[in-house]
Number of protein chains: 2
Amino acid sequence: MRETRAPTLDTLLREGGKAAAGSHGVEDLVSVKLWQNPCWLSFRINFLALQFNEPIYRHIEKEHGLARPEFVVLYSLGLSDGLTASAICSSSGFPKNTISRAIQKLVDKNIIRREVDQADLRSFVLYITDEGKRIVDQAMQPMVERENIMVSSLTPAEKLMLSELLAKVVVESSKWPSMTHIEENEE
Amino acid sequence: MRETRAPTLDTLLREGGKAAAGSHGVEDLVSVKLWQNPCWLSFRINFLALQFNEPIYRHIEKEHGLARPEFVVLYSLGLSDGLTASAICSSSGFPKNTISRAIQKLVDKNIIRREVDQADLRSFVLYITDEGKRIVDQAMQPMVERENIMVSSLTPAEKLMLSELLAKVVVESSKWPSMTHIEENEE
DNA sequence: TTTTTTTAGTCCCGTATGGAACTTTGTATT
DNA sequence: AATACAAAGTTCCATACGGGACTAAAAAAA
């Protein structure tokens, strides 16, 4: 009867939502990765990121001829015009050379415009063009739709809760240690 | 006074957690992407995935000489030994040629072992070796630690809630439309 | 049984990617 | 003011990646 003692928090987290889910539908290995995984969070997050990104970026590539880094730049400017390359880098996580190339392509395609920042001659300020706006607007629709589909099984209250919890984690992310030198077990 | 009417659900979702967060710490563009973004979910998810993956995989590469696809294979086998390549593909989202290459490298390094499946001569069953087990065990520690750091600002109840909500979404993912032919606005 | 279609995995190849070095400008230091 | 240091972008280069064609085996259809 030792088996019936209260489960640890770790176990609870790992098996979070298992009871509610039953076992229908989900692929075998997916359910293992869901319920028997010490890294409950990273699997869930990565899996969902992938499920979202893969079809969306494939579609954007087909429809607008933009690769992912290009669209990331465009999307960022769509949310906040007049950005600098490095701002886009740090908010998106792409390395600066990748973003640099993306910017050049977008400039060539007349989707964005680039002006020297008079306050800092090293950097450029980027502006979205009308053509660019047209593209983001159009590309946004499928993205929003897919998001809605993804959370369609949640109640409004649950959606809100999810949004808030994730936001909380994102906000705290600036305080996480940089993990540059993780404890080296072997010297 | 029109502005004071109740916000829509969309607005609530987008601004989920804003009140609680204040504006301290978070980078400018990050907070725009958090609070003024029609795609609240995908940004949060992608951002967190990145914050997790980038340092972890850099570390694994440095410490064990394994690229991301290789580690994905190894990790999968660590959770459930005796898998087939295609199972790993569909649970991880990597294309099969990438996984195939990763498997070959791992076999060469004696980290996994590959046997022909007698029941289906096309496929191979993969097994983790002792060396492989050693590596996963060792690589797991920093992953778990980083996860814990990521959610360290949440209460146990919140962690559990987050785990359950994400799991629920993952479980439903098998039912999402494939999005192969998104509504083509232009012919 | 024969034929057709799907599935598992590999191979080929062009390209996008990201590390590292480099240039230029701005900021700290002395 | 001179010197060192950091930051913004670009360029170079090796390579990992993924699309697509291909082979072989299994399943489905005829």
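Below, chains carry the letters A, B, ... as their sequence lines are ordered, and counting in each starts from 1.
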Does [N] have its OP1 or OP2 closer than 4.0 Å to a side-chain nitrogen or oxygen of [X]?
{"X": "B/Ser123", "N": "D/dA24", "result": "no"}
{"X": "A/Ser86", "N": "D/dG9", "result": "yes"}
{"X": "B/Ser100", "N": "C/dG9", "result": "no"}

Round to the nearest Å and state the distance from [X] atom [atom1] to [N] atom [atom2].
{"X": "A/Lys96", "N": "D/dC12", "atom1": "NZ", "atom2": "C1'", "value": "15 Å"}
{"X": "A/Leu66", "N": "C/dT15", "atom1": "CG", "atom2": "P", "value": "18 Å"}
{"X": "B/Ile88", "N": "C/dT10", "atom1": "CD1", "atom2": "P", "value": "11 Å"}
{"X": "B/Leu83", "N": "C/dG9", "atom1": "CG", "atom2": "P", "value": "11 Å"}
{"X": "B/Arg101", "N": "C/dT10", "atom1": "CZ", "atom2": "C1'", "value": "10 Å"}
{"X": "B/Ile60", "N": "D/dA16", "atom1": "CD1", "atom2": "P", "value": "16 Å"}
{"X": "B/Arg58", "N": "C/dG18", "atom1": "CZ", "atom2": "C1'", "value": "12 Å"}
{"X": "A/Glu61", "N": "D/dG19", "atom1": "CD", "atom2": "P", "value": "10 Å"}

Classify [X] by what it touches in the nucleic acid, base, sugar-phosphate, or nothing, heavy-atom distance under 4.0 Å.
{"X": "B/Arg68", "answer": "nothing"}
{"X": "A/Asp120", "answer": "sugar-phosphate"}
{"X": "B/Thr98", "answer": "base"}

Per B/Asn97 side chain, nearest of listed nucleotides C/dG9, D/dA8, C/dC11: C/dC11

Taking only the side-chain heavy atoms of B/Gln104 (C-beta and beyond), determine which of D/dT10, C/dG9, C/dT10 contains the nearest atom. C/dT10

Would you call A/Lys105 and A/Asp108 a salt bridge, using N to O less than 4.0 angstrom? no

Locate the shortest heavy-atom distance separating B/Ser76 from B/Leu83; write the atom from each residue and the value. O-CD1, 3.6 Å

Can you find a heavy atom in the side chain of B/Phe47 that is under 4.5 Å from one in the side chain of A/Ile45? no

Along DNA chain D (nearest heavy atom to each residue), the more 5'-positioned of A/Ala85 and A/Glu54: A/Ala85

Could you go step by step and tell me if B/Lys33 and A/Ser91 meet the side-chain hydrogen bond (donor to acceptor under 3.5 Å, both in side chains) rule? CA-CA 8 Å; B/Lys33 288 185 177 181; A/Ser91 82; 2.9 Å; yes

base_contact_polar (D/dA7 base, A/Arg122 side chain, donor-acceptor, <3.5 Å): yes

If you assign A/Pro69 and A/Ala119 each to the DNA chain C nucleotide with the nearest heavy atom, which residue ends up on the more 5' nucleotide? A/Pro69

Using side-chain contact (heavy atoms from CB on, under 4.5 Å) as the criterion, point out the one residue from A/Leu74, A/Thr84, A/Ile88 that pairs with A/Leu126. A/Ile88

